[in-house]
Amino acid sequence: ELFSAATGTFDPTYVGSKNSLYNFRNYQHIQPNGGYGRLYNGYVVNDSRNIAPVGWHVPTIGEFNTLNSVATGMQLKSTNPDYWIDTYYASDAFEFNSVGSGNRYYPDYRFLMLRMNCTYWGTNGNYMGQNYESATSIIGTDPLQVGYSIRLVKDDSNNTGIMTDNSGYTYKTVKIGNQVWMASNLR
């Protein structure tokens, strides 16, 4: 379940290092379209290879705060019961489509919380997350070894409706307030 981009093999020690590109749990048996996306460690956010394509970037804590001032966690969460164990606190009013992708925890890299929470990396070890049993989002800081999802934000507020990542995958985008966000987790 732990994957090293450098070797293409299972490697639990490599995944937590700053040399790791990402760590991920293969969700193909759960969602054939890979709807949860990959889980990345925090080192990828500052990696010189840049996870974000030109015109996009990993959000800052200020951008998370701006998003939270416009939309509650409830308004960001998908209402699809395939992605959350309970959708009572989900309305997806802004079509952000946050899904319960779970996390990889440090130091043992256990995969936990599938369909229970989703956490997104920001810059400098900051994160924003939602839990299935809450209508709010939380913002905080965690060790870079933790595995979280990534949602990128556009450098400007012109929403073209689509974003293509560095691997050629395309994503729907949504404008929330004056920010343009990916509407699914980075693969």
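There is no side-chain donor-acceptor pair under 3.5 Å between Gln75 and Ser91. In this structure, a donor-acceptor pair under 3.5 Å is absent between the side chains of Ser78 and Asp92. The closest side-chain donor-acceptor pair between Ser101 and Ser149 falls under 3.5 angstrom.
Geometrically, Arg104 does not engage Tyr40 in a cation-pi contact, judged by NZ or CZ lying under 6.0 Å from the ring centre and within 45° of the ring axis.
Taking the six-membered ring where tryptophan is involved, the planes of Phe64 and Trp181 are essentially parallel, since the angle between them stays under 30° and well short of 60°.
Minimum heavy-atom separation, Arg115 to Pro81: NH2-O, 2.8 Å.
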Next item on the list: Tell me, with the steps shown, if Tyr132 and Trp84 meet ring-ring contact (aromatic ring centres under 6.0 Å, His included).
Entry: CA-CA 6 Å; Tyr132 79 96; Trp84 294 99; 7.5 Å; no
Next item on the list: Test side chain to side chain donor-acceptor pair (under 3.5 Å) on Asn159 and Thr173 and set out the steps.
Entry: CA-CA 7 Å; Asn159 186 14; Thr173 61; 2.4 Å; yes
Next item on the list: Take Tyr83 and Tyr36 through the test ring-ring contact (aromatic ring centres under 6.0 Å, His included) and record every step on the way to the result.
Entry: CA-CA 8 Å; Tyr83 292 117; Tyr36 288 105; 5.0 Å; yes
Next item on the list: Determine, stepwise, if the pair Asn185 / Arg38 fulfils side chain to side chain donor-acceptor pair (under 3.5 Å).
Entry: CA-CA 7 Å; Asn185 294 348; Arg38 287 188 171 136; over 6 Å; no
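Partners of Lys172 by side chain to side chain donor-acceptor pair (under 3.5 Å), not counting sequence neighbours, listed by chain and number: Glu95.
Following chains of ILVMFWY side-chain contacts shorter than 4.5 Å, one can reach Leu67 starting from Ile61, so the two form part of one hydrophobic cluster. The hydrophobic cluster containing Tyr171 does not contain Val153, counting ILVMFWY residues as joined when their side-chain heavy atoms lie under 4.5 angstrom apart, directly or transitively.
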